[in-house]
Chemist: 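Can you read through this structure? Questions will come right after.
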Amino acid sequence: MAVYINSIGQIAPNSLANEEQIIAGKLTCIEPDYSAFFDSRTLRRISRIIKIGTTSAMMALKNATVEMPDAIIVGTGFGCQEDTSLFLRKLITNKEETLNPTPFIFSTHNSIASQIALQLKCHAYNSTYSHRNFSFESALLDAYLLIKDDDAQHVLVGGVDEIIDDSFDLFTRIGYLKPTDIAGEGASFFVLSDVKSKDCVAELKSIEFVANTEIATIIDKAKTLYHEYSIDAIIVGSHPDHVHQNDQDLIAALKIENTIFYKQLCGEYATSSAYAFATANTLLKENKAVKNVLIYNQYANSNHSLILLSAC
Amino acid sequence: MQNKVVVTGLGLISALGNNVNECVAAFEKHQSGVDKIKRLKTNHVELSVAEIKSTNAELAAIAGLSVELSRSILLSYIATKEAIATLPANFSTDFRTAYISATTVGGMDKTEVFFENYVDDNNASNIEFIRHHDCGKITDFVAKEIGIKGMVTTISTACSSSANAIALGTRMIKQNLLDIAIVGGVDALTKFTLNGFNTLQILDTEQCRPLDESRVGLNLGEGAAYLVLMSENVAKQLNQEIFCNVVGYHNANDSFHQTALSDDAKGPTLAMQGALKKSGLQANDIDYINMHGTGTRNNDNAEAIAIQSIFKDKIPKLSSTKSFTGHTLGASGAVEAVFSALAIKQGIVFPNYSFEQPMENLTILPEKIFLRHQDINHVMSNSFGFGGNCSSLIFSK
């Protein structure tokens, strides 16, 4: 059974019509008018990550003309940071007294997936993965398994992270953001299905992520995929001016001319591979000569992922 | 051809003890882990919680790890090591092995200490604490320590997190994508969660009373629990003791409210029905239900309504173990899966210690005393959480 990527819904720091939006050194999402997506009471209560995540999800469903998915799966590396920080700061400054429960309620990582379910009144499978650069990959694998195992026909799956002042400051200080990185954020959602929609251009062929592994092992895995699928484009998680050593090694080993960088567009964030997944779809749509695209992503030289999409 | 998925290892640390045997012994003696707050530095000393008595230094000594690590990492590591004790040294290189963990607040115990300085001082010095904040840090750290070189991931679906980790591992072994999955979850008691639940006014100052008409709220707990899952073939090859099979699992969403279950208990009902369907069992095959049973008005009422609608007049033995362990949040699904596996393997029914008065208009009557030598073939374990996330698991002999 094939797994088709039937639609994309995305809120990112750039769009086809706009230049990248950089605010205070951070690539920051260009946000839509949310009033079409939420009632005013909900809009007042939910934080920005829930807005960008839920709205992207709704866009993906609309683009796939799927009203009710059979599963909702979200990956988020750091979850709802704004509400977490807000509740934590109040807790300390108010010395544990007279706290507002709302930020706590929406601080849980699954707030985004559950808000999507609430908006849709969807009782189906609902999960959230929060594991650094494997967050989106895990969500994607889960979606792939549900379809392959015939547990679901249409799966709404996405990756979302936000950058807030606290995390920008702290991630810079501890080196999660290197001096050459631009901090970023975004929400990219997809409807994956066992049937192909009329606008569908790609199917998900393979997804693998492994921890505590040397780049040499990953290059071997990538070569195996290369020979099996004759990969003709590769998307790597670097800024074109600062290409990570692992990316350089992989590019050199596979000798693929068509190499695409994307961190200059969406910035550095834990689920940026969801942005890359959208980029791969767009590539397959716009360049019919490209048939098989490999996405490589890594964290700390030890956690690597390989995602393969093919034209269909 | 789908693989049969078996449970071959259990690891547990909770307020009841530092390993599986100590925890079971506490149940047998009817010694609850719930007490007034002693270790956690908080103003809310009026609340009762189920704290693990050991300090971080003591846990670090047990684990043989640095005291600088988050409490969540220490707990996760101790329970994981117990679970994998019978695996051969080469398990992660010779078999396709994944480590799938779960947590709600990760290393928040470190973050909240850092923020005490950070709110006043942007250059607060204990910045290294922030490295422990995210959920994935715990999983990555423990995976590396135990030599996992394959798939690792972390699920965070509030109080059903580790039930979903068990389900994912089961699905991947069943579909022959993995040979072994080490699955479970962890949460340490933090000021963040204590104050969060306190603002919702669902914490009991005394020992909680799940399923009792007089219940007023839950007790937070802390702990970690992990199970080793593998295909039956690999278990035979490795000569592993088999506790039970994982036969049913289902994840549904109540889709009603961010923090409360619906009156008609749609999510819990779908989760239990879905798990039964997956297992191929009938409702009356279930011998024991380890309920989510937090002790809040809302949860216990909804869960009881769902159980009554599914099991009708043949309600199996059931209990909530949370008046002993407290509610361990992201760990609770795995903590209770360990109890479920023991229920089958050792014929144990765990007591609902604090029960006295049945809930009004409901027929649910939990077991009050620790029972051994029961004939238990099929156990259901429920985990429901914030965000409407409801999951049920079924284990069989």
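Throughout, a chain's letter reflects where its sequence line sits, starting with A, and its residues are numbered from 1. For clarity, every value in this text was computed on a predicted model and none was experimentally measured. Below, all heavy atoms of this structure are taken into account, side chains as well, without hydrogens, waters or symmetry copies.
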Chemist: Which atoms of A/Leu120 are under 4.5 Å from chain B, going by heavy atoms: the side chain, the backbone, both sets, or neither?
Modeler: neither

Chemist: For A/Thr213, is it the side chain, the backbone, both, or neither that has a heavy atom closer than 4.5 Å to a heavy atom of chain B?
Modeler: side chain

Chemist: Any idea which heavy atoms bring B/Leu168 and A/Tyr129 closest together, and the distance?
Modeler: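 The pair with the smallest heavy-atom distance is CD2-OH, 3.7 Å.
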
Chemist: Please flag which part of A/Ile174 lies under 4.5 Å from any non-hydrogen atom of chain B: side chain, backbone, both or neither.
Modeler: both

Chemist: Quick one: which of B/Ile148, B/Asn253, B/Val105, B/Thr199 has the most heavy-atom pairs under 4.5 Å with chain A, could you say?
Modeler: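 Top option by heavy-atom pairs under 4.5 Å: B/Asn253.
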
Chemist: Side chains of B/Thr153 and A/Ser138 only: does a donor on one sit below 3.5 Å from an acceptor on the other?
Modeler: yes

Chemist: Under the criterion side chain to side chain contact (heavy atoms under 4.5 Å, CB included), I'd like the reasoning laid out for A/Ile105 against B/His257: C-alpha separation, chi angles, the key distance, then a yes or no.
Modeler: CA-CA 11 Å; A/Ile105 289 169; B/His257 188 271; 5.8 Å; no

Chemist: Less than 4.5 Å to any heavy atom of chain A: does that hold for the side chain of B/Ile155, its backbone, both, or neither?
Modeler: both

Chemist: Measure B/Ile100 against the heavy atoms of chain A and call it side chain, backbone, both or neither at under 4.5 Å.
Modeler: neither

Chemist: Which atoms form the tightest heavy-atom contact between B/Leu200 and A/Pro101, and what is the distance?
Modeler: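 The answer is CD2-CB, 3.8 Å.
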
Chemist: Measuring heavy-atom distances to chain A, does B/Thr103 have an atom under 4.5 Å in its side chain, in its backbone, in both, or in neither?
Modeler: neither

Chemist: Begin with the C-alpha distance, continue with both residues' side-chain angles, and end with the deciding distance and a verdict on side chain to side chain contact (heavy atoms under 4.5 Å, CB included) for A/Asn126 and B/Asn251.
Modeler: CA-CA 7 Å; A/Asn126 188 293; B/Asn251 164 324; 4.2 Å; yes

Chemist: Are any non-hydrogen side-chain atoms of B/Phe115 and A/Leu91 less than 4.5 angstrom apart?
Modeler: no

Chemist: If I measure from the heavy atoms of chain B, does A/Asp166 come under 4.5 Å with its side chain, its backbone, both, or neither?
Modeler: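 The answer is both parts of A/Asp166.
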
Chemist: Heavy-atom pairs under 4.5 Å with chain B - which of A/Arg173, A/Arg89, A/Gln115 has more of them than the others?
Modeler: A/Arg173

Chemist: Ignoring hydrogens and angles, state whether a donor on the side chain of A/Asp169 or B/Tyr118 is under 3.5 Å from an acceptor on the partner side chain.
Modeler: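 Yes, side-chain donor-acceptor contact under 3.5 Å.
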
Chemist: Between A/His109, A/Glu137, A/Arg132, who has the most heavy-atom pairs with chain B when the cutoff is under 4.5 Å?
Modeler: A/Arg132

Chemist: Do you know the tightest heavy-atom contact between A/Glu96 and B/Thr42?
Modeler: OE1-OG1, 2.6 Å

Chemist: Counting only non-hydrogen atoms closer than 4.5 Å, does A/Asp142 touch chain B with its backbone (N, CA, C, O), its side chain (CB onward), both, or neither?
Modeler: both

Chemist: Quick one: what part of B/Gln201 sits under 4.5 Å from any heavy atom of chain A, side chain, backbone, both or neither?
Modeler: neither

Chemist: Apply side chain to side chain contact (heavy atoms under 4.5 Å, CB included) to B/Met108 and A/Thr84, showing your working.
Modeler: CA-CA 10 Å; B/Met108 182 60 81; A/Thr84 302; 3.6 Å; yes

Chemist: By a 4.5 Å heavy-atom criterion (distance strictly below it), what part of A/Gln119 contacts chain B: side chain, backbone, both, or neither?
Modeler: neither

Chemist: For A/Asp165, is the CG atom crowded, meaning more than 12 foreign heavy atoms sit under 6.0 Å from it?
Modeler: no

Chemist: Can you tell which part of B/Lys149 gets under 4.5 Å to a heavy atom of chain A, answering side chain, backbone, both or neither?
Modeler: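 Answer is both: backbone and side chain atoms of B/Lys149 are under 4.5 Å from chain A.
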
Chemist: Could you check if a side-chain atom of B/Arg171 sits within less than 4.5 angstrom of a side-chain atom of A/Leu146, using non-hydrogen atoms only?
Modeler: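 Yes, their side chains come closer than 4.5 Å.
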
Chemist: Give a yes or no on whether A/Lys90 atom NZ has more than 12 heavy-atom contacts from other residues, nucleotides or ligands under 6.0 Å away.
Modeler: no

Chemist: Pick from A/Ala117, A/Ser127, A/Ala211: which one has the most heavy-atom pairs with chain B under 4.5 Å?
Modeler: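 The residue among A/Ala117, A/Ser127, A/Ala211 with the greatest pair count is A/Ala211.
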
Chemist: Closest approach of B/Gly387 and A/Asn110, non-hydrogen atoms and distance?
Modeler: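 That closest heavy-atom pairing would be CA-ND2, 4.1 Å.
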
Chemist: Measure B/Lys174 against the heavy atoms of chain A and call it side chain, backbone, both or neither at under 4.5 Å.
Modeler: neither

Chemist: With rounding to the nearest 0.5 Å, note down the distance linking CZ in A/Phe104 to CZ in B/Phe386.
Modeler: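 Output value for this atom pair is 5.0 Å.
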
Chemist: Is chain A contacted by the side chain of B/Thr259, its backbone, both, or neither, given a heavy-atom distance below 4.5 Å?
Modeler: side chain

Chemist: Please look at B/Asn195 and chain A and tell me whether the side chain, the backbone, both or neither of the residue comes under 4.5 angstrom of a heavy atom of that chain.
Modeler: both

Chemist: Which one of B/Asn122, B/Asn164, B/Thr104 has the most heavy-atom pairs closer than 4.5 Å to chain A?
Modeler: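 Of B/Asn122, B/Asn164, B/Thr104, B/Asn122 has the most heavy-atom pairs under 4.5 Å with chain A.
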
Chemist: Out of A/Thr217, A/Asp151, A/Asp149, A/Thr108, return the one with the most heavy atom pairs under 4.5 angstrom to chain B.
Modeler: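 The option with the most such pairs is A/Asp149.
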
Chemist: Side chain to side chain contact (heavy atoms under 4.5 Å, CB included), that's the test. Do B/Tyr99 and A/Asn212 meet it? Break it down for me.
Modeler: CA-CA 12 Å; B/Tyr99 185 61; A/Asn212 303 315; over 6 Å; no

Chemist: With a strict 4.5 Å heavy-atom criterion, list every residue of residues 129-143 of chain B that contacts chain A, or say none.
Modeler: B/Ile130, B/Arg131, B/His133, B/Asp134, B/Cys135, B/Gly136, B/Lys137, B/Thr139, B/Asp140, B/Ala143

Chemist: Counting neighbours of CD on B/Gln175 that are heavy atoms of other residues, nucleotides or ligands and sit closer than 6.0 Å, is the number greater than 12?
Modeler: yes

Chemist: Do you know which of B/Lys266, B/Glu116, B/Lys278, B/Glu112 has the most heavy-atom pairs with chain A at a distance under 4.5 angstrom?
Modeler: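 Sorted descending by pairs with chain A, the first entry is B/Lys266.
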
